[in-house]
Amino acid sequence: QVQLVESGGGLVQAGGSLRLSCTASGSGFSIVTMGWYRQAPGKQRELVARITSGGSTNYTDSVKGRFTISRDNAKKTVYLQSNSLKLEDTAVYYCNLRAVPSGTWPRTLDYWGQGTQVTVSS
C-alpha cells in the first residue's frame, strides 16, 4: 500500500511564500512521476506542476516563473515552492503520485494525498 502525507499549507499574504511537502510511504512500488494539483472553490481540479523520475518538469501557465517543483528521490518526497503568491493561488492542493506497483509492469496507478489548504489573503 502507498500513502501520501502532505504538509505546509496555511494562510499567507499575497506576495508571500509557500513551501509544500509530500512524502510517499509504503513499499512495493516504483515512482514514475510526482506532482501537485489544486482545486479552487467553484473550479475543477487542475495540474499545478509535476516532475518525472528523470527530473523533467511541467508547470501550468498560471504558475510558470513563480512556482518551483523539486524532489528528493531518496526520501520519496516532492516539494512545491513559491515566493510570490497571488490571491488566485488560493485552493486545496493535492499531492499526486503515479507509480508502478511491483510485479505489475506496465501497469501504473495514481495515488492522491488528502489535500492541504492554501489561503492567500490581500
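Counting from 1, the numbers follow the sequence of the chain as shown.
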Among Leu47, Thr68, Val48, which one satisfies side chain to side chain contact (heavy atoms under 4.5 Å, CB included) with Tyr59?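 Looking at Leu47, Thr68, Val48, the match for Tyr59 under the side chain to side chain contact (heavy atoms under 4.5 Å, CB included) is Thr68.
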
To the nearest 0.5 Å, what is the distance between [atom1] on [X] and [atom2] on [Y]?
{"X": "Gln39", "Y": "Gln44", "atom1": "CD", "atom2": "CD", "answer": "8.0 Å"}
{"X": "Cys22", "Y": "Lys75", "atom1": "SG", "atom2": "NZ", "answer": "14.0 Å"}
{"X": "Trp36", "Y": "Leu20", "atom1": "CH2", "atom2": "CG", "answer": "4.5 Å"}
{"X": "Thr52", "Y": "Asn58", "atom1": "OG1", "atom2": "CG", "answer": "10.0 Å"}
{"X": "Arg38", "Y": "Thr90", "atom1": "CZ", "atom2": "OG1", "answer": "9.0 Å"}
{"X": "Asp72", "Y": "Met34", "atom1": "CG", "atom2": "CE", "answer": "10.5 Å"}

Minimum heavy-atom separation for [X] and [Y], please, with both atom names.
{"X": "Leu18", "Y": "Val118", "value": "CD1-CG2, 3.8 Å"}
{"X": "Gly35", "Y": "Ile69", "value": "CA-CD1, 4.0 Å"}
{"X": "Ser84", "Y": "Ser82", "value": "N-OG, 3.2 Å"}
{"X": "Leu87", "Y": "Ser122", "value": "CD1-N, 4.0 Å"}
{"X": "Pro101", "Y": "Tyr111", "value": "CG-OH, 4.1 Å"}
{"X": "Arg19", "Y": "Ser21", "value": "NH1-OG, 3.5 Å"}

For the hydrophobic clusters of this structure (ILVMFWY residues joined by side-chain heavy atoms under 4.5 Å, transitively), does one cluster hold both [X] and [Y]?
{"X": "Val63", "Y": "Val78", "result": "yes"}
{"X": "Leu85", "Y": "Val92", "result": "no"}
{"X": "Leu97", "Y": "Tyr37", "result": "no"}

> Is a salt bridge present between Lys86 and Asp89, judged by a nitrogen-to-oxygen distance below 4.0 Å?
Replying inline: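 No, Lys86 and Asp89 are not salt-bridged.
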
Heavy-atom side-chain contact between [X] and [Y] under 4.5 Å:
{"X": "Leu109", "Y": "Val2", "result": "no"}
{"X": "Thr119", "Y": "Leu11", "result": "yes"}
{"X": "Val32", "Y": "Ser53", "result": "no"}

Exercise for review: Kindly check if the number of other-residue, nucleotide or ligand heavy atoms within 6.0 Å of CD (Gln13) is above 12?
Suggested key: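 Count not over threshold, so no.
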
Task: Enclosure of Arg45 CZ (heavy-atom neighbours >12, cutoff 6.0 Å) - done: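 Atom CZ in Arg45 is packed in, count exceeds 12.
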
task: State whether the side chain of Glu6 and the backbone N or O of Gly115 hold a donor-acceptor pair below 3.5 Å, judged by distance alone.
output: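 Yes, the answer is positive, given that a donor and an acceptor are paired below the 3.5 Å cut-off.
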
| Under 3.5 Å side-chain donor-acceptor pair for Asn73 and Arg71 |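 Side-chain D/A pair, Asn73 to Arg71: present.
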
Is there a side chain to side chain contact (heavy atoms under 4.5 Å, CB included) between Ile31 and Lys76? Walk through the geometry before answering.
CA-CA 8 Å; Ile31 296 173; Lys76 294 184 173 62; 3.9 Å; yes

Mind telling me whether Tyr94 and Trp112 have parallel, tilted or perpendicular rings, with 30° and 60° as the class edges?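 Rings of Trp112 and Tyr94: perpendicular, as their planes differ by over 60°.
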
